[in-house]
Amino acid sequence: MPETKRKLVEAGVALMRKQGFNATTLDDICSAAGVTKGSFFHYFKSKQEVAEAAVASFREGKVQDFANAPFRKMADPLDRIFGRLDFVLTSTGGAGDSTKGCLIGMFAQELAATNPELRGLCQAAFLRTAADIEADLTEAKALHAPNAAFDPKKVSLFYVSIIQGGLLVAKAGESNAVLRDNVEQFRSYVQGLFGVAGRPQPVMTAGTSTSNF
């Protein structure tokens with residue numbers, strides 16, 4: 001991606017993640033990126049286009065974060081599920097930290113009824129996340145609980161709802177405590193589905209990066 005275009009997309013992500021689509025102007029984006037409007041229109045026709053690029057960039061960043069996470073190397077799919085939750089916790093930071101929120105969740109809240117293009121991108125992102133954990137849930141069910149009654153697809157969508165809801169409430173409360181509690185409640189729920197004892201908890205340190213969330 002050309003450097004100027006990259007700066008515009010990054011500015012779009014940062015600003016729209018903070019204040020939403022409607023409150024972010026082209027002047028805001030150009031100023032944050034340090035480029036002129038002429039340069040903006042060389043790469044994008046409208047704020048809509050840069051918003052679509054911002055969603056794609058934000059989503060792909062998260063995909064890469066999770067693709068390279070330690071839990072991916074675990075052989076047992078159930079361990080990968082709990083390892084994913086550990087990774088979310090370490091990425092979130094402590095209860096005293098405050099999330100920046102999710103750009104995709106923000107757009108879904110703000111624009112679902114008025115912007116079908118961005119609504120569709122948000123839905124696709126949510127379903128992609130759900131499909132990722134659904135694969136581990138399906139494999140774990142076949143291996144550890146083949147006769148269990150739960151539907152991995154429904155559980156995966158439950159996971160996405162818990163994370164997105166936790167991010168929303170955490171942002172409103174300026175504290176990650178509720179998000180972290182939600183992750184642990186989901187852990188307990190999955191333990192109940194599989195009838196397994198608790199897994200070891202991650203070691204948290206003060207000031208853990210909140211870059212993922």
Side-chain angles (χ1 to χ4, degrees), residues 1-72 84 87-94 97-133 160 163-172 174-176 179 207-213:
M1 183 182 295
E3 180 70 7
T4 298
K5 185 175 184 180
R6 182 189 63 77
K7 288 181 178 179
L8 288 166
V9 172
E10 289 180 351
V13 169
L15 289 168
M16 293 178 185
R17 191 180 186 188
K18 180 180 180 180
Q19 60 197 36
F21 177 83
N22 290 319
T24 301
T25 67
L26 291 184
D27 287 336
D28 292 336
I29 295 171
C30 291
S31 177
V35 304
T36 65
K37 272 192 175 180
S39 294
F40 177 93
F41 286 112
H42 179 73
Y43 293 105
F44 299 103
K45 295 179 180 179
S46 64
K47 185 172 73 170
Q48 173 79 16
E49 282 197 358
V50 76
E52 292 172 0
V55 168
S57 176
F58 184 85
R59 175 57 190 156
E60 286 308 310
K62 298 298 169 281
V63 168
Q64 290 302 312
D65 287 342
F66 278 80
N68 297 323
F71 71 85
R72 295 291 186 187
R84 177 190 299 266
F87 179 69
V88 170
L89 288 177
T90 56
S91 301
T92 298
D97 294 315
S98 179
T99 178
K100 298 176 182 177
C102 174
L103 177 67
I104 297 166
M106 174 171 283
F107 276 4
Q109 285 282 322
E110 181 183 6
L111 303 170
T114 59
N115 193 316
E117 291 80 11
L118 285 172
R119 183 205 63 76
L121 290 177
C122 293
Q123 174 69 347
F126 292 148
L127 292 178
R128 186 175 177 182
T129 298
D132 186 33
I133 191 171
V160 173
I163 295 297
Q164 285 297 323
L167 285 165
L168 182 65
V169 177
K171 189 171 184 180
E174 297 185 320
S175 169
N176 286 342
L179 176 58
T208 301
S209 171
T210 59
S211 60
N212 287 295
F213 293 92

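Since the structure is predicted, the reported quantities are computational estimates derived from the model, not experimental observations.
Inter-residue side-chain proximity for T4 and H42 is flagged as unmet; no heavy-atom pair is nearer than 4.5 Å. Residues Q164 and L168 have side chains not in contact (no heavy-atom distance under 4.5 Å, counting atoms from C-beta outward). The closest side-chain heavy-atom distance from F107 to C102 is not below 4.5 Å.
Annotation for A170 and L179: closest pair CB-CB, 4.3 Å, computed over non-hydrogen atoms. Considering every non-hydrogen atom in both V9 and A54, the closest pair reads CG1-CA, 4.1 Å. Shown here for A32 and L15, the closest heavy-atom pair between the two residues is CB-CD1, 3.9 Å. Annotation for M106 and R17: closest pair CE-O, 3.1 Å, computed over non-hydrogen atoms.
Judged as a side chain to side chain contact (heavy atoms under 4.5 Å, CB included), and not counting sequence neighbours, the contacts of A125 are R59, I104. Evaluation of the side chain to side chain contact (heavy atoms under 4.5 Å, CB included) rule for L127 yields Q123, L157 as partners, not counting sequence neighbours. Every residue two or more places apart in sequence or in another chain that forms a ring-ring contact (aromatic ring centres under 6.0 Å, His included) with F40 is listed here: F44.
Residue pairs meeting the salt bridge (charged side-chain N to carboxylate O under 4.0 Å, His left out) criterion with at least one partner in residues 22-44, sequence neighbours excluded, are D27-K37. Residue pairs meeting the side chain to side chain donor-acceptor pair (under 3.5 Å) criterion with at least one partner in residues 106-116, sequence neighbours excluded, are N22-E110, Q48-N115. The salt bridge (charged side-chain N to carboxylate O under 4.0 Å, His left out) pairs that include a residue from residues 2-14 are E3-R6, R6-E10, where partners are two or more places apart or lie in different chains.
Using a distance-only test at 3.5 Å, with no hydrogens or angles considered, no donor-acceptor pair links the side chain of R119 to the main chain of A108. No donor-acceptor distance shorter than 3.5 angstrom exists from the side chain of S39 to the backbone of V35, with no hydrogens or angles considered. At distances below 3.5 Å, not a single donor-acceptor pair connects side-chain atoms of S57 with backbone N or O atoms of A53. In this structure, E60 contributes its side chain and A56 its backbone to no donor-acceptor pair below 3.5 Å. The backbone N or O of F21 lies less than 3.5 Å from a partner atom in the side chain of K47, making a donor-acceptor pair.
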Could you go step by step and tell me if R84 and D132 meet the side-chain contact (heavy atoms from CB on, under 4.5 Å) rule? CA-CA 11 Å; R84 177 190 299 266; D132 186 33; 3.0 Å; yes
Could you go through T129 and F66, starting from their C-alpha distance and side-chain angles, then the distance that decides it, and tell me whether this counts as side-chain contact (heavy atoms from CB on, under 4.5 Å)?
CA-CA 10 Å; T129 298; F66 278 80; over 6 Å; no
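Between the CZ atom in F126 and the CD1 atom in I163 there is a gap of 11.5 Å [rounded to 0.5 Å]. Rounding to the nearest 0.5 angstrom, the gap separating the CE atom in M16 from the CD1 atom in I29 is 4.0 Å. In this structure, the separation between NZ on K62 and CZ on F58 is 4.0 Å, given to the nearest 0.5 Å. Between E52 atom CD and E117 atom CD the span is 6.5 Å, to the nearest 0.5 Å.
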